Amino acid sequence: MDILFASSEAHPLIKTGGLADVSGSLPRTLKNSRQEVRLIMPAYPQAIAAAGALQCVAELTLPVARTPVRILLGRLPNSRVRLYLVDAPEYFDRPGGPYGEPGGTDWPDNAARFALFARAVCELAMDRAGLNWRPDLVHCNDWQTGLVPALLASEAQRPATLFTIHNLSYQGLFDRAEVAGLGLPDSWWSMHELEFHGRISYLKGGLVFADWLSTVSPTYAKEIRSAEFGCGLHGLLTHRRDRLTGILNGVDYRDWNPGRDRLIPFTYTARTLRLKQENKIALQNAFELPSRPDIPVFGHVGRLVEQKGLGLILDLIPELLQRPMQLVILGTGQPELEQALRAAHTAHRSKIGVRIAYDEGLAHLVEAGSDTFLMPSLFEPCGLNQLYSLRYGTPPIVRRTGGLADSVVDANGPNLYAQTATGFVFNEPEPDQLLHAIDRALNLYAQQRVWKDLVQTGMQQDFSWEQSAKVYVDLYQQILDLRIREAGMRRTASNPF
Ligand code: ADP
Ligand code: GLC
């Protein structure tokens with residue numbers, strides 16, 4: 001199959017979260033399974049710098065863009081995947097992140113930036129860029145690519161489209177004034193198309209128009225059909241439930257493997273766990289905590305946003321201070337959460353280590369050096385850190401939601417006895433439920449033999465991308481078959497002879 005994979009970030013070119021991990025690994029794994037998959041992203045300066053050799057292979061004249069948009073061809077690093085970078089300096093060549101200014105505020109022209117990106121993706125998808133390649137299917141990801149299925153819907157002879165929801169709470173909502181002049185069809189301003197409470201939703205472009213929808217875990221695919229998780233879109237998602245599939249993300253064990261990890265001081269395996277202890281000392285040093293091999297370290301890495309359940313952790317700080325444990329947190333995000341964490345660190349330096357930063361190396365050290373990983377997310381479409389922590393022998397403590405529910409087996413009596421337990425799972429996002437899970441972890445940690453079994457069971461779990469990639473290939477095929485059937489039916493209906 002020929003697949004065009006469209007994403008707004010991909011590791012190691014540019015990353016703000018798990019979307020980049022997926023967009024860097026899934027295409028590479030698909031390519032290794034002999035699918036012709038090509039990745040397309042905006043040409044941010046970081047991506048250009050990280051991509052290595054690039055050559056301009058096309059120039060597109062797009063509505064609204066003042067100058068021709070160049071298509072740069074290279075390779076996704078460490079892979080055989082062809083990479084297309086959409087080079088429109090007016091939109092993408094600026095310091096800061098893919099979506100916002102260096103300080104974090106969204107770019108004021110995001111509506112225009114991702115409309116332009118979508119138009120460029122469509123030109124390639126329709127083989128109008130002179131590249132002599134026509135994908136069978138365009139795989140779009142999150143709101144930044146939501147206009148692609150919507151634009152393609154009006155094309156005759158178009159490729160099939162799959163839209164993957166990585167996070168329903170980011171919707172790409174824009175006011176009329178922001179999209180005025182972008183040449184978007186007027187018909188989109190209807191609640192049956194892209195309108196969402198008086199604004200335009202790029203996400204809805206994908207949800208309404210893609211041939212098929214997917215989410216990054218089976219449980220999230222169910223949850224988003226409810227009012228609690230549906231972000232106001234549960235009606236639409238329920239309507240489309242026959243074309244909504246959940247596929248759990250995988251892990252790139254080339255990057256996340258404690259036996260080979262170049263970013264940690266001591267590599268280790270399930271058989272050399274004493275070396276994990278050395279990483280723990282290194283972690284305590286890095287966070288300026290007392291070196292105490294006997295005290296369990298609870299780690300957390302992530303975007304500091306409400307979704308991740310940091311409010312629960314902050315609420316519990318007085319309780320946690322009374323327990324024999326240390327807490328380390330690495331992240332950046334909402335200023336009020338950063339501020340609250342900094343304050344907790346300042347007041348309790350011997351028990352709470354905090355680093356407000358985006359630091360790849362330190363993220364690996366937190367996985368390797370912590371004894372357990374805290375991920376009490378309010379919702380979690382998939383979550384990758386709990387998968388990483390399983391492999392690093394760092395049993396995760398998670399809420400039973402989304403991909404967390406699909407990947408962590410609770411350390412209750414029967415599961416421990418059956419040696420299937422891998423972490424600690426609680427149901428409701430309430431501080432006392434999280435505290436109870438933490439206490440259960442402290443309890444088991446004190447029983448070193450049971451703890452070691454838990455750690456080793458987690459390390460043996462296989463969440464490699466190969467498995468999920470096979471499911472994607474089957475889904476792509478199913479969508480192509482459906483598209484062929486539907487196109488045939490339309491021909492028959494309009495031209496019965
Ligand atoms: P999300 O995509 O919602 O942010 P995931 O768990 O899927 O959550 O993925 C988060 C990814 O981003 C992981 O690879 C994690 O290590 C990385 N990450 C998040 N915050 C930081 C940080 N402050 N420093 C380094 N890596 C981070
Ligand atoms: C989103 C979700 C996260 C998921 C990631 C990659 O950012 O918040 O749960 O793992 O996308 O799919």
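Given the structure is predicted, the values throughout are model-derived calculations rather than measurements. Whatever order the structure lists them in is the order used to number ligands and atoms, beginning at 1.
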Report summary line: Numbered in order shown, the ligand 2 atoms found under 4.0 Å of a heavy atom of Val216 are 12 (O)
Query - Nearest protein heavy atom with distance in Å, relative to atom 12 (O) of ligand 2 - result: His166 ND1, 2.7 Å
Query - Carboxylate-amine/guanidinium contact Arg254 Asp261, below 4.0 Å - result: no
**Report entry** Pairwise distance CG(Leu454) to CE(Met459) - rounded to 0.5 angstrom
**Finding:** 12.0 Å
Query raised in the report: Side chain or backbone of Leu19 under 4.0 Å from ligand 2, or both, or neither, by non-hydrogen atoms?
Result: backbone
Query raised in the report: Does the ring center of His364 lie less than 6.0 Å from the ring center of Tyr388?
Result: no
Need the list: ligand 1 N/O atoms against protein N/O atoms, distance under 3.5 Å, rounded to one decimal.
residue: ligand 1; atom: 2 (O); partner: Gly18; partner atom: N; Å: 2.6
residue: ligand 1; atom: 3 (O); partner: Arg303; partner atom: NH2; Å: 2.7
residue: ligand 1; atom: 3 (O); partner: Lys308; partner atom: NZ; Å: 2.8
residue: ligand 1; atom: 4 (O); partner: Arg303; partner atom: NE; Å: 2.6
residue: ligand 1; atom: 6 (O); partner: Leu384; partner atom: N; Å: 2.9
residue: ligand 1; atom: 6 (O); partner: Asn385; partner atom: N; Å: 3.4
residue: ligand 1; atom: 7 (O); partner: Leu384; partner atom: N; Å: 3.3
residue: ligand 1; atom: 8 (O); partner: Lys308; partner atom: NZ; Å: 3.1
residue: ligand 1; atom: 9 (O); partner: Gly18; partner atom: N; Å: 3.3
residue: ligand 1; atom: 14 (O); partner: Lys15; partner atom: NZ; Å: 2.8
residue: ligand 1; atom: 14 (O); partner: Asp21; partner atom: OD2; Å: 2.7
residue: ligand 1; atom: 16 (O); partner: Asn385; partner atom: OD1; Å: 3.3
residue: ligand 1; atom: 23 (N); partner: Ala357; partner atom: O; Å: 2.8
residue: ligand 1; atom: 24 (N); partner: Asp359; partner atom: N; Å: 3.0

Report summary line: Taking only non-hydrogen atoms of Val22 and a 4.0 Å limit, the atoms of ligand 2 in range are 6 (C), 12 (O)
Query raised in the report: Taking 4.0 angstrom as the limit, do Asp406 and Lys222 come out as a salt bridge?
Result: no
Requested in this report: Could you check atom 9 (O) of ligand 2 against the protein and tell me its nearest heavy-atom contact, residue, atom and distance included?
Outcome: Glu380 OE2, 2.4 Å
Query raised in the report: Under 4.0 Å from ligand 2, counting heavy atoms only, is it the side chain of Asn249, its backbone, both or neither?
Result: side chain
Query raised in the report: Strictly by modelled atom types, are Thr401 and Glu223 linked by a side-chain donor-acceptor pair under 3.5 Å?
Result: yes
Report task. Find all atoms of ligand 2 within a distance of less than 4.0 Å from any non-hydrogen atom belonging to Gly18, and give their numbers and elements. Result -> 5 (C), 6 (C)
Query raised in the report: Is the closest basic N to carboxylate O distance between Asp371 and Lys280 below 4.0 Å?
Result: yes
Query raised in the report: Are any of the side-chain nitrogens in Lys31 or Glu36 under 4.0 Å away from the carboxylate oxygens of its partner?
Result: yes
Query raised in the report: Do NZ/NE/NH1/NH2 and the carboxylate oxygens of Glu380 and Lys308 come within less than 4.0 Å?
Result: yes
Requested in this report: Compute both the distance and the angle, then confirm whether Arg94 meets the cation-pi test with Trp107: under 6.0 Å from the six-membered ring centre, within 45 degrees of the axis.
Outcome: yes
Query - Contact check: Gly383 vs ligand 2, nitrogen or oxygen atoms, below 3.5 angstrom - result: yes
Query - Atom pair CG/CZ of Leu76 and Arg38 - distance to nearest 0.5 Å - result: 14.0 Å
Requested in this report: For Asn167, counting its heavy atoms only, list the atoms of ligand 2 lying under 4.0 Å from any of them.
Outcome: 8 (O)
